[in-house]
Amino acid sequence: MSTRTSWADLAANSAAENTTAGSSANNASVGTTSAAPARSTYVPPHLRNRVPSSDPPAPPYSGPASSNDRQGYGGPASSNDRQGYGGSRWGPPRNDYRSGYGGGGGRTGGWGNRSGGWDRGREREVNPFGDDDDTEQAFSEQENTGINFDAYEDIPVETSGENVPPPVNTFAEIDLGEALNQNIHRCKYVKPTPVQRHAIPISLAGRDLMACAQTGSGKTAAFCFPIISGIMKMQGQSAQRPLRGARTVYPLALILSPTRELSMQIHEEARKFSYQTGVKVVVAYGGAPINQQLRELERGVDILVATPGRLVDLLERARVSLQMVKYLALDEADRMLDMGFEPQIRKIVEQNDMPLPGARQTMLFSATFPKEIQRLASDFLFNYVFLAVGRVGSSTDLIVQRVEFVHESDKRSHLMDLLHAQRANGVQGKQALTLVFVETKKGADSLEHWLYVNGFPSTSIHGDRTQQEREQALRSFRSGNTPILVATDVAARGLDIPHVAHVVNFDLPNDIDDYVHRIGRTGRAGKTGLATAFFNEGNASLARSLADLMQESNQEVPAWLSRYAVRSSYGGRNRRSGGGRFGGRDFRRDSSFSRGSSDYYSGANSSGGYGASGGYGGYGSGMTSAWD
DNA sequence: AAAAAAG
């Protein structure tokens, strides 16, 4: 069955308000509104637990019959049963649950046996590939891998550290294990992306890693594959896993991210990668009832994906112990270590029973990595490899960046003009989504309301909304139902939302890195995108770094912005170092960081057209990449 | 100053 649909088809499908069977890719697995979820059919014991074999290239085979063996079929989905966006995770049961329920259809059937206890999750595992909503995601991944890989040959890559393991060119070169290889097929990953080519061998070699890489380029896979593979290998060993029913669980890997929605997204991806590997992934985040998450944890967890607050809660309740953690991954690591989060991260990593650096493997990923944050981060690392991977073409080439001078009082009408123009151009159909960033939560509410009153279907996401509202907003935006999303920085990082055609910085952030992350919500997966910023006197402090970034990205810099830039160029706290052409620079190589012999870290390698790029870094100036 | 993250 075909899994390839056009974006337009896809958007049309999603726009159909979740009432139809969805794309052809998974119509076998869905019952949708009309089909009352079938009662599980009896499956003779000898056919239970049968793992489908021989599928590469696997069509996303329909889900196992019973996705939720605890509740028969369709209670509110547990966070682990349902990864999609159709319906509240903890709300009352709804009829429009589509994925994973709808019983049967699978040629294997009968996985959902009721064997009690945690049997490493294999028998009851929901097929994450058979999910409607996951189709969209699978699609975007497909699109990601659809980036012109030939262009990757020239991508600038820089590594530094001792004895850096060499990159690979194919997944076949790496022994990730058969089950994981099958999932790679199912994800339609043909060839590793640059960050995967480099990061996976480094991680498999057991090395710690600090990586600057673009989110859309398979970053999640880059840290998930080695973790899953490593856990699979550990499973042969004795493993002092706690007995079933023990209140405390001992994950082997911990993945932290700064927002709940990003943790959800990582969990969804990790679940695909770990399908039928016997590796169990559980997500825990705030704003949702903790009891359900506790139940999931009790069923066993190898990889815990979490936001910091909820994890601290779980640690304090002694429901989670980090004693067995062998892998620690921080996504958006620079955010995780900034002022707001750092104490919590330290508490988790340093003030609990987590093994020390060296006794665990630590992987830090982000698109931007200011030098000061690198310095902080080195506390968590042991003899790590620094990796910076650029993107096809130069930074943010796929995004056309515009800056317009707009007085505070004119912003709304100016936005209205943009939206009208888009509508007139037909750019804003159901498929073209516009993401509008504002500075404050109140500002988000009032702008959303104003847009709504003025006839633009919009919704908003920010930290004062309930988690249900946040997830609903994201769903509604993704589906094109409300093609305008007003957001605070909660949505700035990591979220992979296909079809975002336009990012408007209604209020510019104060930090250029935040700008980079925000505009990175568009221009993803090889698509072009547009980013418009409203600039006025209040943004003077950003002028210099913004002008620099735009210039580096071959964007047209308005003359008036250059004048602002010159005027406000003192201080330079926001300035990028290194001309920003390239993903990043290991702070250990900076002249201000002097320690030991110079050749301790002399293993710097560089490939791709930029050479060994020595010495353009400046003191104190933030190092960033121009990619998300 | 604001945002995020626990309730």
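Just so it is clear: chains get the letters A, B, ... in the order the sequence lines come, proteins before strands, and each one is counted from 1.
The listed nucleotides are dA5(B), dA3(B), dG7(B); the one nearest the side chain of Thr440(A) is dA3(B). Taking the side chain of Asp313(A) as heavy atoms from C-beta on, and the options dA5(B), dA4(B), dG7(B), the nearest nucleotide is dG7(B).
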**Q.** Intermediate values then yes/no, side-chain contact (heavy atoms from CB on, under 4.5 Å), Glu261(A) and Gln467(A)
**A.** CA-CA 9 Å; Glu261(A) 288 77 14; Gln467(A) 191 56 24; 3.2 Å; yes

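Distances shown here put every side-chain N or O of Thr488(A) at or beyond 4.0 Å from the OP1 or OP2 atom of dA2(B).
For the pair Met336(A) CE and dA3(B) P, the computed distance is 19 Å after rounding to whole Å. Nucleotide dA2(B) holds its C1' atom 14 Å from the CG atom of Asn539(A), rounded to whole Å. If you take CG of Leu262(A) and P of dA3(B), they are 19 Å apart, rounded to a whole angstrom. Rounded to an integer number of Å, the gap from CZ of Phe437(A) to P of dA4(B) is 12 Å. Regarding Ile348(A), its CD1 atom lies at a distance of 13 Å from the P atom of dA5(B), rounded to whole Å.
Among the protein residues, Arg470(A) comes within range of the sugar-phosphate backbone only, with heavy atoms under 4.0 Å from sugar or phosphate atoms but none that close to a base. Residue contacts shown for Gly463(A) are limited to sugar-phosphate atoms, with no base heavy atom under 4.0 Å away. Here Arg335(A) lies out of heavy-atom contact (under 4.0 Å) with every strand. If you check every strand for non-hydrogen atoms under 4.0 Å, Glu439(A) touches sugar and phosphate atoms only.
Residues passing the ring pair (Phe, Tyr, Trp, His ring centres under 6.0 Å) test with Trp560(A), sequence neighbours excluded: Phe405(A), Phe535(A). For Asp379(A), the salt bridge (Lys or Arg N to Asp or Glu O under 4.0 Å) partners two or more places apart in sequence, or in a different chain, are Arg346(A).
Cation-pi geometry between Arg518(A) and Tyr515(A) is not met: the NZ or CZ atom fails to fall both under 6.0 Å from the ring centre and inside 45° of the normal.
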